[in-house]
Amino acid sequence: MGAVIRFDNVGFRYDDSSWALRNIRLEAEKGELIGILGANGSGKTTLLKLGNGLLEPREGDVLLKGKSVSSLSRLHIAREVAMVPQETHFYFRFSVLEVVLMGRFPYLGRFQFEGKRDVELARGALEAAHAGEFANRSIHELSGGERQRVLIARALAQEPSLMLLDEPTAFLDLKFKKEIFELISSLVRSRGITALVVSHDIELASKYCDRIIMLKEGQMAFMGSPHEVITSESIKHVYDCAAVVDQNPVTGAPRVSVI
Ligand code: ADP
């Protein structure tokens with residue numbers, strides 16, 4: 001089977017001064033979990049936005065199951081790609097179930113309300129994200145970690161082939177960070193979803209992702225398995241920070257100690 005998403009020598013710039021991304025070549029297969037690392041401003045969010053067609057490449061092409069994303073309708077994209085943004089603010093007191101039902105929007109006709117199947121799917125997504133017990137609570141009443149699980153449930157309710165997650169663990173404490181990575185990884189495995197996850201949590205990304213990409217100034221500096229990619233040289237190159245990398249004695253994943 002072909003790639004779920006393919007970046008074919010993609011270049012993008014917001015204005016004519018400099019490239020935010022250049023020469024991006026990446027293929028993600030069904031059921032693959034890929035971590036995207038890199039310093040602030042290296043192009044990670046731009047990469048995700050190109051992946052769901054919010055931005056159009058200036059060079060090359062982004063292909064979703066073999067079709068150029070720029071040629072697909074918003075609705076078509078929304079049935080294939082779900083984005084979990086870094087932070088989401090809700091101005092109304094939506095219930096958690098209502099928030100998750102928003103994920104069904106691409107499947108509803110104009111003026112059509114959600115049906116029984118949509119509600120079942122939304123409840124199933126909440127259960128899968130270990131957030132079933134929050135269904136009737138207001139989204140405003142949840143902690144950061146709980147809200148993140150609900151946003152992942154909303155993405156699941158979209159029944160996507162591809163999930164794009166932008167720093168889903170950014171504002172969480174250590175335990176919740178781990179839980180979110182564990183959840184993403186188990187959903188990718190059980191549902192065969194492909195996921196690209198932007199993160200600054202190098203060790204957790206290394207533990208859970210199949211492959212890691214490191215961006216530097218809009219270019220792909222490194223790509224490979226976590227063990228291949230996470231080294232003191234790559235950390236120095238990408239983050240400009242001296243570090244020792246060895247193995248976590250329990251998990252075997254790369255362990256990064258900043259010097
Ligand atoms: P990251 O997610 O790695 O922090 P981004 O993809 O947000 O990086 O940004 C990549 C580059 O593009 C940065 O130099 C940033 O300043 C620039 N950039 C991001 N968004 C915009 C925008 N809306 N307009 C102009 N430049 C932008």
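Both ligands and their constituent atoms are indexed starting at 1 by order of listing. Since the structure is predicted, the reported quantities are computational estimates derived from the model, not experimental observations.
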With a 4.0 angstrom cut-off on heavy atoms, strictly below it, pick out the residues next to ligand 1 and order them by chain and number.
Y14, A20, A39, N40, G41, S42, G43, K44, T45, T46

Crowding at CZ, F105 (>12 non-hydrogen neighbours, <6.0 Å):
no

Hey, does R255 have a side-chain heavy atom less than 4.5 Å from the side chain of E203?
yes

Determine, step by step, whether E127 and R123 satisfy the salt bridge (Lys or Arg N to Asp or Glu O under 4.0 Å) criterion, reporting the C-alpha distance in whole Å, the side-chain angles of both residues, the deciding distance to 0.1 Å, and the verdict.
CA-CA 6 Å; E127 291 298 333; R123 287 197 182 277; over 6 Å; no

Mark yes when over 12 heavy atoms from residues, nucleotides or ligands other than K216 sit less than 6.0 Å from its NZ; otherwise mark no.
yes

Is the CD1 atom of I259 crowded by more than 12 outside heavy atoms at less than 6.0 Å?
yes

Check whether more than 12 heavy atoms from other residues, nucleotides or ligands sit under 6.0 Å from atom CD of E159, and answer yes or no.
yes

